[in-house]
Amino acid sequence: MHQAEQILKKYFGYDSFREGQETLVDGILDGRDVLGIMPTGAGKSLCYQIPALLLPGMTLVVSPLISLMQDQVFSLNQAGVRAAYLNSSLTPGQYRTALKYMRQNQYKIVYVAPERLLTESFLDAVHDMDISLLSVDEAHCISQWGQDFRPSYLKIIDFIHILKKRPVVAAFTATATREVREDILALLNLQDPITLITGFDRENLKFTVLQPDNKWQAALQVIREHERECGIIYCLTRKLVEEVCERLVRAGYSATRYHAGLSDEERHHNQDDFLYDRKQIMVATNAFGMGIDKSNVRYVIHYNMPKNIESYYQEAGRAGRDGLPSDCVLLYGGQDVVTNHFFIDKMEAPEGADEETAKVIREREEERLKKMTWYCFTNDCLRDYILRYFGEYGSGYCGNCSNCLTKFHEEDVSGTAWNLIGFVKACDWNYGLVTITDAVHGSRSSKLLKAGLDKNPYYGSCGDVPLQKLRQIMNYLAAQGDLRITDDRYPVVRLTTASEEILQGRQVVMKMAEEQPKSVSGKTGTPDRKKGSRSADDLQGDMDRGLFERLRTLRLEIAREEKVPPYIVFSDKTLVQMCLLKPKSKTEMLRVSGVGEMKYEKYGERFLTALHEEELSDL
């Protein structure tokens with residue numbers, strides 16, 4: 001067996017590498033720099049953790065995420081790997097102790113915040129150390145075109161130049177457009193790197209976009225479909241976090257909250273409640289989640305539309321990290337666009353950016369917001385829309401998103417489009433989407449009448465078309481470039497060169513929904529799967545649910561004894577496999593994915609006993 005595969009099984013419990021992992025591991029072991037673009041849950045951390053255990057010196061992992069460092073160090077220590085982290089969560093005494101142990105070569109892997117790299121104490125500690133590998137996690141943070149630009153990341157290259165010997169440099173991220181990938185390669189000065197993009201797709205995630213009249217009821221439907229399962233609800237504002245969390249608690253749900261307005265102590269306490277399964281639902285702003293490695297999140301609800309596709313995919317990707325089926329639901333409302341425009345207006349320029357650069361960054365944020373908005377209105381495959389954003393092209397039909405599971409028919413909307421564009425052209429002033437659709441629908445509101453819009457020749461021309469449908473058509477025209485909605489704080493509709501073509505008679509055909517899926521989770525439909533494969537949902541269907549719950553209870557009991565999150569003991573996916581395989585010996589238990597030698601020594605016998613007792617109770 002390949003030496004790296006032996007480490008993979010012994011410490012992490014897996015029999016084989018996932019796609020791309022072995023290529024990156026071998027590259028690092030051969031002394032090559034690497035850039036790995038891999039989706040959340042694809043096992044990026046193993047790509048540097050395994051080489052770290054085989055290389056002679058120490059591995060430094062640069063990460064901006066305190067929670068990720070803590071999770072990873074927890075998991076590594078549980079697996080029998082000596083690891084530590086250095087960040088602002090440590091007291092001065094704890095920090096000095098960690099540095100002392102690091103100097104004494106007591107750690108194979110040390111996680112460090114980028115701000116710490118060039119401090120005098122850290123430079124003094126690593127001065128004579130053998131650093132074999134420097135791994136940069138969340139590498140997109142180095143690019144000002146990325147969604148989480150951190151100026152401190154630009155100092156990483158200075159740190160590398162200070163070292164007596166240049167280590168192998170590895171960079172990893174889950175979401176990076178072409179421009180961001182080019183920045184990572186250049187700003188980290190990766191030398192002859194192996195660049196591997198395994199794809200951005202997460203097949204186990206089902207994507208749904210809803211435009212409900214009542215967001216609260218829509219969110220409740222998702223939660224009810226995932227009774228007793230963990231989920232995250234993202235809200236744009238602190239006020240909404242408080243409101244949604246309070247309503248959930250009043251309704252009897254196990255929920256907690258997280259936002260920047262809470263004290264450090266309360267945020268830490270609430271985050272731990274969620275990680276340790278003491279609370280099932282986390283309601284939060286986007287301040288929560290970066291680096292959270294909780295594997296059993298079964299759904300993520302976006303109560304509001306986020307500001308860009310990168311943020312959405314990263315946040316939605318916190319569902320289903322164990323590979324089991326999970327739901328990603330976005331609840332869109334028109335006010336979401338206005339709120340995001342407000343946040344962009346108030347956005348501070350990155351440290352050291354001149355006025356021109358700040359302007360360009362703001363314009364890019366507006367463009368990203370526009371593409372996020374179109375995602376909420378497209379009738380095409382939602383998964384394909386996301387993948388195309390990152391430069392990956394699929395079949396255009398995934399069979400596992402709300403659009404692919406909705407029946408559509410093609411409809412000629414040329415007449416309606418002609419009236420909408422005609423109205424805009426006949427106006428002496430620029431108006432927003434809602435004002436225009438209300439006017440062509442024939443609204444008698446005082447606002448429209450005061451503006452004299454009832455004198456427009458196209459006023460009331462679409463009185464027989466439902467208002468919601470008018471807005472759908474207007475958004476479709478904008479998405480196709482037949483109209484333009486400006487990026488102003490209060491967006492207005494303008495004509496484009498393509499507008500005239502419609503006025504001259506060009507046909508406009510769009511897909512219209514006939515019926516919606518019966519449930520958000522799509523349990524009434526069967527998504528298409530790759531030929532010859534079995535979905536995790538299929539496997540769960542064969543599983544003894546009662547046994548699964550008993551194993552979960554045992555896992556929680558062990559986690560509380562050891563004061564670690566339950567998923568660090570074993571993931572849900574590992575428990576599912578135990579229920580299916582029902583191992584009766586150590587040899588059989590080691591065949592379960594996620595059970596390695598080290599984990600077996602700690603927990604194996606207790607789970608074998610639980611499985612044996614279950615078998616006896618069935619006799």
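Residue numbers run from 1 in the order of the sequence given. This structure is a prediction, so every number in the text was calculated from the model and none was measured.
The cationic group of R606 does not satisfy the cation-pi geometry with Y603, failing either the under 6.0 Å distance to the six-membered ring centre or the 45° limit from the ring axis.
With salt bridges taken as basic N to acidic carboxylate O contacts below 4.0 Å, none links D26 and R32. With salt bridges taken as basic N to acidic carboxylate O contacts below 4.0 Å, none links K9 and E5. The residues E601 and K586 are annotated as salt-bridged, a charged nitrogen and a carboxylate oxygen being separated by less than 4.0 angstrom. Here E266 pairs with R257 in a salt bridge; the nearest charged N to carboxylate O distance falls below 4.0 Å.
I309 CD1 to R388 CZ: the interatomic distance, rounded to the nearest 0.5 Å, is 10.5 Å. Distance check: I184 CD1 to E179 CD gives 11.5 Å after rounding to the nearest 0.5 Å. Between atom OG1 of residue T285 and atom CG of residue N304 there is a gap of 11.0 Å, rounded to the nearest 0.5 Å. Remark: R278 CZ to H269 NE2 distance equals 6.0 Å, nearest 0.5 Å. Rounded to the nearest 0.5 angstrom, L369 CG and I344 CD1 are separated by 4.5 Å. With values rounded to the nearest 0.5 angstrom, E588 atom CD is found 8.5 Å from L581 atom CG.
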**Request:** List the steps and the verdict of salt bridge (charged side-chain N to carboxylate O under 4.0 Å, His left out) for D128 and K164.
**Result:** CA-CA 8 Å; D128 295 316; K164 286 184 176 180; 2.9 Å; yes
**side chain to side chain contact (heavy atoms under 4.5 Å, CB included) between L60 and F159, worked out** = CA-CA 12 Å; L60 278 181; F159 173 75; 3.8 Å; yes
**Asked** Can R383 and D201 be said to form a salt bridge (charged side-chain N to carboxylate O under 4.0 Å, His left out), step by step?
**Response** CA-CA 8 Å; R383 187 183 312 278; D201 195 10; 3.1 Å; yes
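F607 is linked by a ring-ring contact (aromatic ring centres under 6.0 Å, His included) to F570, counting only residues two or more places apart in sequence or in another chain. Every ring-ring contact (aromatic ring centres under 6.0 Å, His included) that Y375 has, sequence neighbours left out, goes to Y312, Y385. Scanning for side chain to side chain donor-acceptor pair (under 3.5 Å) contacts around D137 gives an empty result, with sequence neighbours left out. Under the rule for a side chain to side chain donor-acceptor pair (under 3.5 Å), R202 has no partner lying at least two apart in sequence or in another chain.
Between A171 and L188 the shortest heavy-atom distance is CB-CD1, 3.8 Å. Summarising the geometry of T198 relative to P39, their closest heavy-atom pair is OG1-CD, 3.4 Å, with the distance given to 0.1 Å.
A donor-acceptor pair is defined here as one N or O able to donate and one able to accept, closer than 3.5 Å; no such pair exists between the side chain of R181 and the backbone of I37. Panel note: side chain K573, backbone S295; no donor-acceptor pair is recorded below 3.5 Å. Although no hydrogens or angles enter the test, the distance criterion places a donor-acceptor pair under 3.5 Å between the side chain of S254 and the main chain of Q280. Looking only at distances, a side-chain donor or acceptor of Q94 sits under 3.5 Å from a matching main-chain atom of T91. Judged purely by atom type and a 3.5 angstrom limit, S326 has no side-chain atom pairing as donor or acceptor with the backbone of L205. The main-chain N or O of V569 is found under 3.5 Å from a side-chain atom of K599 such that the two form a donor-acceptor pair. Remark: the backbone N or O of V180 is not paired with any side-chain donor or acceptor of S143 at under 3.5 angstrom. For the pair N204 (side chain) and G320 (backbone), a donor-acceptor distance under 3.5 Å is present. A distance-only check finds no donor-acceptor pair linking the side chain of R150 to the backbone of I142 [under 3.5 Å]. With Q21 contributing its side chain and G43 its backbone, the two residues share a donor-acceptor pair below 3.5 Å.
The 12-atom threshold is not exceeded at NZ of K10, counting heavy atoms of other residues, nucleotides or ligands nearer than 6.0 Å. Under a cut-off of 6.0 angstrom, the local environment of CD in E392 is crowded, with over 12 non-hydrogen atoms contributed by other residues, nucleotides or ligands. At most 12 heavy atoms of other shown residues, nucleotides or ligands fall within 6.0 angstrom of atom CD in E120.
Using a 4.5 Å heavy-atom threshold, the side chains of E597 and Y11 count as separate. By the 4.5 Å heavy-atom criterion applied to side chains, F200 and Y313 are counted as neighbours. Using a 4.5 Å heavy-atom cutoff, the side chains of R318 and I232 are in contact. You'll find the side chain of H259 reaches within 4.5 Å of the side chain of L262, heavy atoms only. Here the side chains of F390 and I197 are not in contact, with every heavy-atom distance at 4.5 Å or above. No side-chain heavy atom of Y299 sits less than 4.5 Å from a side-chain heavy atom of C328. Side chains of L134 and I156 form a contact here, defined as non-hydrogen atoms less than 4.5 Å apart. When side chains are defined from C-beta on, H140 counts as touching Q314, because their heavy atoms get closer than 4.5 Å.
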Identify every side-chain donor-acceptor pair in residues 95-104 under 3.5 Å, counting partners at least two apart or on other chains, and give the distances.
| from | atom 1 | to | atom 2 | distance (Å) |
| --- | --- | --- | --- | --- |
| T97 | OG1 | G93 | O | 2.9 |
| R103 | NH2 | D124 | OD2 | 3.4 |
| Q104 | OE1 | Q106 | NE2 | 2.8 |

Per-pair distances, 0.1 Å, donor-acceptor, side chain in residues 111-118, under 3.5 Å, sequence neighbours excluded:
| from | atom 1 | to | atom 2 | distance (Å) |
| --- | --- | --- | --- | --- |
| Y111 | OH | Y48 | OH | 3.4 |
| Y111 | OH | Q49 | NE2 | 3.1 |
| E115 | OE2 | S152 | OG | 3.1 |

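Checked against I194 for a side chain to side chain contact (heavy atoms under 4.5 Å, CB included), the options I28, V34, D33 give a single hit: V34. Considering D322, D272, D277 in turn, D277 is the only one that fulfils the salt bridge (Lys or Arg N to Asp or Glu O under 4.0 Å) rule with K294.
A donor and an acceptor atom, one from each side chain of Q72 and Y85, are nowhere located under 3.5 Å apart. Remark: the N308 side chain and the Y389 side chain contain no N/O donor-acceptor pair separated by less than 3.5 Å.
Relative ring orientation between F288 and F274 is described as perpendicular, the plane-to-plane angle rising above 60° on a 0-90° scale split at 30° and 60°.
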